[in-house]
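Everything on this sheet refers to the single structure shown next.
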Amino acid sequence: MTKETVLIIGANGQIGLELAESLRNIYGQDHVISADLKTIDQPGVIYERLDVLDKDRMYAIIKKYNVTQVYLLAALLSATAEQKPKSAWNLNMEGLFNVLDAAKEGIIKKVYWPSSIAVFGPTTPRVNTPQYTVMEPNTIYGISKQAGERFCEYYFQKYNVDVRSIRYPGLIGWKSAPGGGTTDYAVHIYHEALKNKSYECFLSEQTELPMMYMHDALKATISLMDAPAEKVKIRSSYNIAGMSFTPKQIAEEIKKHIPDFTISYKTDFRQAIADSWPASIDDTYANKDWGWKPDFDLVKMTDDMLKNLK
Ligand code: VAH
């Protein structure tokens with residue numbers, strides 16, 4: 001049986017850096033290729049420069065390493081996408097088509113593509129948002145993720161492409177920096193709490209959003225990719241939930257560790273994005289189909305984040 005070789009496109013991003021490390025621990029460092037616009041000099045890491053819009057270069061890398069699986073993480077996130085709509089649509093969609101077509105042509109066997117709770121919009125029920133519901137996203141990022149989900153399911157149904165996807169909540173971790181997201185305040189707040197004992201939040205204090213510790217996001221991603229194909233009954237994208245909290249609640253949790261920490265609020269354009277998203281997610285299908293459940297809540301995450309950032 002051919003040894004699995006994984007190509008991670010967008011390997012320098014918030015998820016990519018940590019996912020690459022986890023996948024190297026599983027497949028071995030010679031069977032995980034990190035690819036991004038820029039390479040990083042990391043001992044033991046095979047790096048290739050790649051713009052996912054350069055299909056020929058992507059095919060050349062797949063051929064060079066006998067890649068069997070592609071994790072496509074390259075995208076412009078919600079806040080950046082609102083500022084660069086055309087580039088965001090082009091990267092988020094054409095990048096996905098390039099990878100789905102490689103699978104359709106049998107050049108790779110399996111694809112992972114991240115969706116987001118951003119696929120839901122202001123008319124979606126906000127509390128315990130179900131897997132199947134009204135989805136009228138009103139952000140470029142959310143529209144691209146909704147369209148991407150439709151194409152993932154289409155390529156599975158029409159061409160039998162084994163593509164798997166998760167609707168990530170806001171992700172929080174200490175090993176890699178987020179970029180261009182609306183939920184990124186929940187990462188910056190920990191750094192600022194340790195550095196300045198204060199943080200000015202760009203979302204209002206009552207803005208409740210679905211969030212997840214990176215440990216759990218990686219666990220969900222790898223569990224879904226490892227699941228037998230017949231258990232992956234949803235080929236658009238799975239809801240998964242970790243926790244939900246407001247800026248006020250995460251600040252209160254940080255204060256238990258740093259009593260004189262203070263938070264202030266100065267909302268910007270990202271408030272409207274956050275207001276269009278759910279407050280909490282129902283992940284019954286992920287639990288039923290492939291046994292998903294999170295390990296971290298806000299208390300455990302805050303303890304782990306501050307311990308590792310110190
Ligand atoms: C963003 N972190 O803020 C991403 C994520 C649910 C949010 O998709 O755009």
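Every number for a ligand or one of its atoms is a count from 1 in the order of the listing.
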Could you list the donor-acceptor pairs under 3.5 angstrom formed by side chains in residues 194-203, with sequence neighbours left out?
{"residue": "Asn196", "atom": "ND2", "partner": "Glu192", "partner atom": "OE1", "Å": "2.6"}
{"residue": "Lys197", "atom": "NZ", "partner": "Asp260", "partner atom": "OD2", "Å": "3.4"}

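By the 6.0 Å contact criterion, NZ on Lys84 is open, its count of non-hydrogen atoms from other residues, nucleotides or ligands being 12 or less.
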* **Audit row: Gln271, Asp275, side chain to side chain donor-acceptor pair (under 3.5 Å) steps and yes/no** => CA-CA 6 Å; Gln271 185 64 49; Asp275 290 342; 2.8 Å; yes

* Asked: So Arg164 and Asp162, salt bridge (Lys or Arg N to Asp or Glu O under 4.0 Å) or not? Walk me through it.
  -> CA-CA 7 Å; Arg164 307 177 186 202; Asp162 188 358; 2.9 Å; yes

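Ordered by chain and residue number, the residues placing a heavy atom less than 4.0 Å from ligand 1 are Leu77, Ser78, Ser116, Ile117, Tyr141, Tyr168, Pro169, Gly170, Gly181, Thr182, Thr183, Trp277.
The residue from Asp51, Ile33, Leu72 that alone fulfils the side chain to side chain contact (heavy atoms under 4.5 Å, CB included) condition with Ile9 is Leu72.
Under the 4.5 Å side-chain heavy-atom criterion for grouping Ile, Leu, Val, Met, Phe, Trp and Tyr, Ile62 is connected to Phe97 within one hydrophobic cluster.
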